Student: 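Submitted below is the structure of interest, expressed as structure tokens.
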Amino acid sequence: MTPAAKLEDTPRIERLIALAERLIAALESDIAELKNGRTATLKTNDPEVQKLTTLYGREAQGFDLRIAQSAPPTLRQRFLAITAKFREVLQLHARMIARVKNASEGIIRAIADEVERANAPTRTYGPRPGYKPPPSGAMLFNRVV
């Protein structure tokens, strides 16, 4: 068996392409949901998509670039195109998730600051300012508790 024959692994490339296409569809669905402001219905939270991600990671982990280089030209072009699209969609998805994360953290911080300001004791004027207790923390919002 020649070294070139060992490197040719068309079924593996086909599997990677199929997995990447399915993951791209899930990521594009998530991007559309994030643009509409809905985070509860993200496909990437689905266990099936998480299994696909794990499978893709295993397949891609031991993938040697020489396998793609020794593949037939049409298959190699499909593989390179889907890989580029997958990378692009992943980057867009990561940016969208970061935006949502920053916005939600900003809202929580604003609420915590407002609760802390509302619960702050009134400062009196005098030679010695009154004792200011340490902030209660961001998680204590309910005055009933």
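Treat the numbers as computed from the prediction; the structure is a model and nothing was measured. We use all heavy atoms of the structure for the numbers below, so side chains are in, but hydrogens, waters and symmetry mates are not.
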Student: Identify whether the distance between the nearest side-chain nitrogen and carboxylate oxygen of R117 and E114 falls below 4.0 Å.
Tutor: yes
Student: Donor-acceptor pair, distance only, cut-off 3.5 Å: does the side chain of R38 make one with the backbone of E33?
Tutor: no
Student: Would you compute the distance between atom CZ of R15 and atom OG1 of T10 and round it to the nearest 0.5 angstrom?
Tutor: 11.0 Å
Student: How about I13 and R76: do any of their side-chain heavy atoms sit closer than 4.5 Å?
Tutor: no
Student: May I have the step-by-step check of side chain to side chain contact (heavy atoms under 4.5 Å, CB included) for T44 and H93, ending in yes or no?
Tutor: CA-CA 10 Å; T44 50; H93 186 264; 4.1 Å; yes
Student: Is the ring pair Y56/F86 parallel, tilted or perpendicular, if the boundaries are 30 and 60 degrees?
Tutor: perpendicular
Student: CZ/R78 to OG1/T74 distance, rounded to the nearest 0.5 angstrom?
Tutor: 7.5 Å
Student: Between L75 and I17, is there a side-chain heavy-atom distance shorter than 4.5 Å?
Tutor: yes
Student: If the threshold is 4.0 Å, N to carboxylate O, is there a salt bridge linking K43 and E48?
Tutor: no
Student: Could you tell me the separation between the CG atom of L19 and the CG atom of L55, rounded to the nearest 0.5 Å?
Tutor: 6.0 Å
Student: Tell me if the CZ atom of R58 is crowded by more than 12 foreign heavy atoms within 6.0 Å.
Tutor: no
Student: Whether the side chain of D46 engages the backbone of L42 through a donor-acceptor N/O pair (distance < 3.5 Å, no angle test) should be reported.
Tutor: no
Student: Rounded at 0.5 Å granularity, tell me how far CG in L80 sits from NZ in K85.
Tutor: 15.5 Å
Student: Using a strict cut-off of less than 4.0 Å between a Lys/Arg side-chain nitrogen and an Asp/Glu carboxylate oxygen, indicate whether R109 and E105 qualify as a salt bridge.
Tutor: no
Student: When you measure from the side chain of R22 to the backbone of L52, do you find a donor-acceptor pair of N or O atoms at a distance under 3.5 Å?
Tutor: no
Student: Quick one: pull up CD in Q77 and CD1 in I82 and give me the separation to the nearest 0.5 Å.
Tutor: 13.0 Å
Student: Give, for atom CG of L65 and atom OG of S70, the distance between the pair rounded to the nearest 0.5 Å.
Tutor: 9.5 Å
Student: Any link between I107 and V115 through a network of hydrophobic side chains (Ile, Leu, Val, Met, Phe, Trp, Tyr) touching at under 4.5 Å?
Tutor: yes
Student: Would you name the heavy atoms of V100 and T39 that are closest together and state the gap between them?
Tutor: CG1-CG2, 3.9 Å
